[in-house]
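The shown structure was predicted, so the numbers you read here are calculated from the model rather than taken from an experiment.
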Amino acid sequence: MPHRLVNALLGAESLRGIGTKAFSDLRARIGMLFDEEAMRYVKALDSAGIPDDSVATRLYQATYNLEVAR
(Lines give C-alpha, C1' and ligand atoms only; values in the text may rest on other atoms or scores of the structure.)
Protein backbone atom coordinates (compact mmCIF):
# COMPACT_ATOMS: atom_id res chain seq x y z
CA MET A 1 0.00 0.00 0.00
CA PRO A 2 2.69 2.63 0.86
CA HIS A 3 4.54 1.87 -2.38
CA ARG A 4 1.40 2.39 -4.44
CA LEU A 5 0.64 5.64 -2.60
CA VAL A 6 4.13 7.05 -3.21
CA ASN A 7 3.98 5.82 -6.79
CA ALA A 8 0.64 7.56 -7.29
CA LEU A 9 1.89 10.81 -5.75
CA LEU A 10 5.31 11.02 -7.39
CA GLY A 11 5.03 8.75 -10.41
CA ALA A 12 7.08 5.68 -11.22
CA GLU A 13 9.81 7.61 -13.02
CA SER A 14 10.26 10.04 -10.15
CA LEU A 15 10.39 7.16 -7.70
CA ARG A 16 13.19 5.52 -9.74
CA GLY A 17 15.04 8.84 -9.80
CA ILE A 18 14.81 9.14 -6.03
CA GLY A 19 16.14 5.59 -5.67
CA THR A 20 19.01 6.28 -8.07
CA LYS A 21 19.90 9.50 -6.29
CA ALA A 22 19.77 7.79 -2.86
CA PHE A 23 21.99 4.96 -4.10
CA SER A 24 24.50 7.42 -5.57
CA ASP A 25 24.53 9.44 -2.35
CA LEU A 26 25.09 6.29 -0.29
CA ARG A 27 28.02 5.23 -2.49
CA ALA A 28 29.58 8.70 -2.16
CA ARG A 29 29.23 8.67 1.62
CA ILE A 30 30.70 5.17 1.91
CA GLY A 31 33.58 6.24 -0.34
CA MET A 32 34.20 9.22 1.90
CA LEU A 33 34.27 6.96 4.99
CA PHE A 34 36.79 4.65 3.34
CA ASP A 35 38.95 7.62 2.32
CA GLU A 36 38.91 8.96 5.89
CA GLU A 37 39.92 5.56 7.28
CA ALA A 38 42.70 5.26 4.71
CA MET A 39 44.02 8.70 5.70
CA ARG A 40 43.95 7.70 9.36
CA TYR A 41 46.00 4.61 8.51
CA VAL A 42 48.49 6.60 6.41
CA LYS A 43 48.90 9.17 9.21
CA ALA A 44 49.63 6.38 11.71
CA LEU A 45 52.28 4.93 9.40
CA ASP A 46 53.80 8.33 8.73
CA SER A 47 54.00 9.15 12.43
CA ALA A 48 55.85 5.88 13.08
CA GLY A 49 58.64 7.09 10.81
CA ILE A 50 60.88 5.18 8.46
CA PRO A 51 63.77 3.44 10.19
CA ASP A 52 67.22 3.84 8.72
CA ASP A 53 69.00 0.99 6.96
CA SER A 54 71.09 0.05 9.98
CA VAL A 55 68.02 -1.02 12.00
CA ALA A 56 67.61 -4.25 10.03
CA THR A 57 71.28 -5.09 10.48
CA ARG A 58 71.17 -4.41 14.21
CA LEU A 59 68.02 -6.53 14.57
CA TYR A 60 69.68 -9.40 12.71
CA GLN A 61 72.79 -9.11 14.90
CA ALA A 62 70.69 -9.07 18.07
CA THR A 63 68.83 -12.20 16.93
CA TYR A 64 72.11 -13.92 16.12
CA ASN A 65 73.59 -12.97 19.50
CA LEU A 66 70.48 -14.31 21.25
CA GLU A 67 70.78 -17.63 19.44
CA VAL A 68 74.49 -17.86 20.29
CA ALA A 69 73.75 -17.10 23.96
CA ARG A 70 71.29 -19.98 24.18
Handout entry: Sequence neighbours excluded - side chain to side chain donor-acceptor pair (under 3.5 Å) pairs with any residue from residues 42-51
Key = none
Problem - Contacts of type side-chain hydrogen bond (donor to acceptor under 3.5 Å, both in side chains), residue E37, not counting sequence neighbours - result: R40
Exercise for the section: Could you pull out all residues at least two apart from V55 that satisfy side chain to side chain contact (heavy atoms under 4.5 Å, CB included)? Expected result: P51, D52, R58
Problem - Under the side chain to side chain contact (heavy atoms under 4.5 Å, CB included) test, residues paired with L33 that sit two or more places apart - result: E36
Handout entry: For Y41, the rest of its hydrophobic cluster, which grows through side-chain links under 4.5 angstrom
Key = L45
Exercise for the section: Hydrophobic side-chain clustering at under 4.5 Å (ILVMFWY, transitive links): who's grouped with Y64? Put none if nobody. Expected result: V68
Tabulate below the donor-acceptor pairs under 3.5 Å that side-chain atoms of residues 21-32 make, not counting sequence neighbours, or state none.
from, atom 1, to, atom 2, distance (Å)
D25, OD1, R29, NE, 3.4
D25, OD2, R29, NE, 2.9

